[in-house]
Engineer: 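First the structure, which I've put down as structure tokens, then a few questions once you've had a look.
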Amino acid sequence: QVQVVEFGGGLVQAGGSLRLSCVASERTFRNNAMGWFRQAPGKEREFVSAITWGSSMTDYADSVKGRFTISRDNTKNTVYLQMNNLKPEDTAVYYCAGPVIGRTVAGFGSWGQGTQVTVSS
């Protein structure tokens with residue numbers, strides 16, 4: 001059973017925008033913080049952003065703060081990542097995962113298959 005699925009990646013020019021969506025199973029999503037992570041070629045996977053169940057708290061990596069916005073729609077089991085003013089260094093495979101505790105995914109958590117974001121200069 002697929003627990004998490006991401007949508008919305010693609011190719012965009014520097015300065016452009018993309019919105020990623022993530023649909024999760026009820027078991028993964030309900031009452032849990034969810035997060036976005038990314039992995040660039042040759043690099044380790046890193047934290048991007050997270051949001052609590054009630055959306056009262058959000059967290060961002062310094063590298064994306066002020067440019068990315070995380071949100072969620074609990075009626076649709078969906079988490080979004082709005083990415084503005086994209087830079088070539090944002091190029092990576094973006095993963096959605098949950099539950100998130102701090103900036104890490106719980107050991108019993110679920111990851112999506114990832115969606116490629118490529119930013120051209």
Side-chain angles (χ1 to χ4, degrees):
Q1 181 181 1
V2 176
Q3 303 290 332
V4 179
V5 181
E6 302 97 340
F7 303 93
L11 173 64
V12 64
Q13 288 189 330
S17 298
L18 281 175
R19 187 171 87 151
L20 305 182
S21 301
C22 164
V23 180
S25 67
E26 184 79 2
R27 179 173 179 266
T28 297
F29 192 87
R30 186 165 181 79
N31 292 325
N32 292 321
M34 297 291 294
W36 288 95
F37 300 78
R38 68 186 182 186
Q39 186 167 19
K43 295 187 177 181
E44 293 187 353
R45 188 156 53 189
E46 63 177 2
F47 168 82
V48 175
S49 184
I51 186 168
T52 55
W53 164 253
S55 302
S56 60
M57 292 180 64
T58 57
D59 187 20
Y60 297 94
D62 287 345
S63 58
V64 306
K65 200 171 292 184
R67 300 187 297 121
F68 290 11
T69 302
I70 191 171
S71 61
R72 66 193 291 164
D73 184 340
N74 291 345
T75 67
K76 298 180 180 179
N77 285 9
T78 300
V79 181
Y80 304 98
L81 186 68
Q82 177 66 44
M83 306 185 294
N84 297 329
N85 190 22
L86 282 160
K87 304 175 180 180
E89 50 263 43
D90 294 318
T91 295
V93 178
Y94 283 71
Y95 298 90
C96 177
V100 170
I101 302 171
R103 292 187 168 190
T104 59
V105 179
F108 57 88
S110 298
W111 292 83
Q113 81 289 349
T115 185
Q116 177 70 47
V117 171
T118 303
V119 184
S120 62
S121 57

Engineer: Contact between T28 and M34 at the side-chain level, heavy atoms closer than 4.5 Å - yes or no?
Structural biologist: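 A side-chain contact exists here, since the closest heavy-atom pair is under 4.5 Å.
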
Engineer: So do Q3 and W111 actually touch side chain to side chain, heavy atoms under 4.5 Å?
Structural biologist: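 No. Closest side-chain heavy atoms not under 4.5 Å.
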
Engineer: When hydrophobic residues are tied together by side-chain contacts of less than 4.5 Å, even through go-betweens, does V105 share a cluster with V64?
Structural biologist: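 Different clusters.
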
Engineer: Can a donor-acceptor pair be found, under 3.5 Å and without considering hydrogens, that links the side chain of N74 to the backbone of W53?
Structural biologist: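 Confirmed, N74 side chain pairs with W53 backbone.
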
Engineer: Pair up each side-chain donor or acceptor in residues 10-23 with any protein partner under 3.5 Å, not counting sequence neighbours, and list the distances.
Structural biologist:
residue, atom, partner, partner atom, Å
S17, OG, N84, OD1, 2.9

Engineer: Measure the spacing between CZ of R45 and CZ of R38 and express it to the nearest 0.5 Å.
Structural biologist: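 Interatomic distance, R45 CZ to R38 CZ, rounded to 0.5 Å: 13.5 Å.
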
Engineer: To the closest 0.5 Å, what do you measure between CD (E26) and CG (N32)?
Structural biologist: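 One gets 10.0 Å once the value is rounded to the nearest 0.5 Å.
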
Engineer: Kindly work out whether a path of hydrophobic side-chain contacts (I/L/V/M/F/W/Y, heavy atoms less than 4.5 Å apart) joins W36 to M83.
Structural biologist: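 Looking at the clustering, M83 is in the same group as W36.
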
Engineer: Might you point out which heavy atoms bring K65 and Y60 nearest each other, and give the distance in Å?
Structural biologist: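 Heavy-atom minimum between the residues: CE-O, 3.6 Å.
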
Engineer: With a cut-off of 6.0 Å (strictly less than), are more than 12 heavy atoms of other residues, nucleotides or ligands near CZ of R27?
Structural biologist: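 Counting other residues, nucleotides and ligands, CZ of R27 stays at 12 neighbours or fewer.
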
Engineer: Search all heavy atoms of R67 against all heavy atoms of L86 and return the closest pair with its distance.
Structural biologist: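 Looking at all heavy atoms of both residues, the shortest contact is NH1-CA, 3.9 Å.
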
Engineer: Less than 4.5 Å apart, any side-chain heavy atom of Q82 and any of S71?
Structural biologist: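 Result no, sub-4.5 Å side-chain heavy-atom pair not found.
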
Engineer: Could you work out, with ring-ring contact (aromatic ring centres under 6.0 Å, His included) as the rule, every residue matching F47, not counting sequence neighbours?
Structural biologist: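 For F47, the residues satisfying ring-ring contact (aromatic ring centres under 6.0 Å, His included) (neighbours in sequence not counted) are F37.
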
Engineer: Is there a path of hydrophobic side-chain contacts, each under 4.5 Å between heavy atoms of I, L, V, M, F, W or Y residues, that connects L81 with I51?
Structural biologist: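 Shared cluster, yes.
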
Engineer: So, R72 side chain and T52 main chain: donor-acceptor pair closer than 3.5 Å or not?
Structural biologist: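 Present.
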
Engineer: Can you name the closest pair of heavy atoms from T91 and A40 and give their distance?
Structural biologist: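 Looking at all heavy atoms of both residues, the closest pair is O-CB, 3.6 Å.
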
Engineer: Is the shortest side-chain heavy-atom distance between V4 and Y95 below 4.5 Å?
Structural biologist: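 Not in contact.
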
Engineer: Going hydrophobic residue to hydrophobic residue with side-chain gaps under 4.5 angstrom, can you get from F29 over to Y80?
Structural biologist: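 No, separate clusters.
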
Engineer: Could you walk me through whether T118 and Q116 pass the side chain to side chain contact (heavy atoms under 4.5 Å, CB included) test, one step at a time?
Structural biologist: CA-CA 6 Å; T118 303; Q116 177 70 47; 3.3 Å; yes

Engineer: Between D90 and K87, is there a salt bridge with N-O shorter than 4.0 Å?
Structural biologist: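 Salt bridge absent between K87 and D90.
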
